[in-house]
Amino acid sequence: AAEAVALTDDKVELRNSIDSYRDGGWTAGHIGAQWAWNIVSPSWTGIWAGDGAKAYGTKDLIKAVIFMTDGEFNTAFANDDSVLQAKRLCDNMKAQNIVVYTVSFQSPNHPTLRYCASTDGNGDLLYFDAANGDQLNAAFQNIAVKLTNLRISG
C-alpha cells in the first residue's frame, strides 16, 4: 500500500512516508528498481509535482538511486522472472549513468543486489549488507556521507 514520494528535500514528508511502511506479503524487487528509475528519469517529468527530473547528462548533476530489499525477488509479472527483470533495469539505469546503491536487509551477500550495485571511483561496489536495524542505519549513513556533496535533485 506504500506510495512513491516525488523528489523532495522535505525531510518530514520523507520520514513520515518511510515511517508508514509496513512489511508483509511478497517482494517484487524489480518493481522497486523500476520506481527508483522512474523517480529520477526525465521521461516522467510532468507526472510528479514540481519541475520533475532533470535531463540525463545535465552538467554538474549526478543521478543516484538507493535500492533496498530483503532480496527475495519472489513475485514477477508478465511471465518473467523478477531477478532477470531487476538485473535488466539495473543495467539500463547504469547505462544512463545513474549511480545505483544497493542495501540488502537480512539477506547477506545477495547476488542480485551485488549485481545491481554501481562501483565508485575506486572500483568499490556500492553494496551494503545489513543484518539488523543498527547495520541498516549504518549503511544509510555511509551512503549519506558518499552523497554529502550532492543536493537532492532530479
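Predicted model, so just to flag it, every value in this text is computed and none were measured. We number each residue from 1, following the sequence as shown.
- In this structure, Leu126 and Ala117 approach most closely via the heavy-atom pair O-CB, 3.6 Å.
- Here the shortest heavy-atom pairing between Ala53 and Val40 reads CB-O, 3.3 Å.
- Side-chain polar atoms of Gln85 and Asp81 form no donor-acceptor pair below 3.5 angstrom.
- The minimum heavy-atom distance between Ser82 and His30, with the atom names listed, is OG-ND1, 2.7 Å.
- The shortest non-hydrogen separation linking Ala86 to Cys116 is O-SG, 3.9 Å.
- Judged by the 6.0 Å distance and 45° axis criteria, Lys146 is not positioned over the aromatic ring of Tyr101.
- The backbone N or O of Leu113 sits less than 3.5 Å from a side-chain atom of Thr102, completing a donor-acceptor pair.
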Report the C-alpha distance between Trp37 and Trp44 in whole Å, list the side-chain angles of each, state the deciding distance to 0.1 Å, and finish with yes or no for ring-ring contact (aromatic ring centres under 6.0 Å, His included).
CA-CA 10 Å; Trp37 189 6; Trp44 285 73; over 10 Å; no

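- In terms of modelled atom types and a separation under 3.5 Å, the side chain of Ser104 and the main chain of Ser107 share a donor-acceptor contact.
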Step by step, work out the side-chain contact (heavy atoms from CB on, under 4.5 Å) result for Leu14 and Val5.
CA-CA 7 Å; Leu14 291 169; Val5 175; 4.0 Å; yes

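- When hydrophobic clusters are built by joining Ile, Leu, Val, Met, Phe, Trp and Tyr residues whose side-chain heavy atoms come closer than 4.5 Å, directly or via intermediates, Ile62 is grouped together with Ile66.
- A cation-pi contact links Lys94 to Tyr115, judged by a cut-off of 6.0 Å to the six-membered ring centre and 45° from its axis.
- Closest non-hydrogen pair, Ile98 versus Ser118, comes out as O-OG, 3.8 Å.
- Screening residues 123-137 for side chain to side chain donor-acceptor pair (under 3.5 Å) gives Tyr127-Asp129 as the qualifying pairs, with residues at least two apart or on separate chains.
- In this structure a side-chain-to-backbone donor-acceptor pair under 3.5 Å is missing from Lys63 to Ser41.
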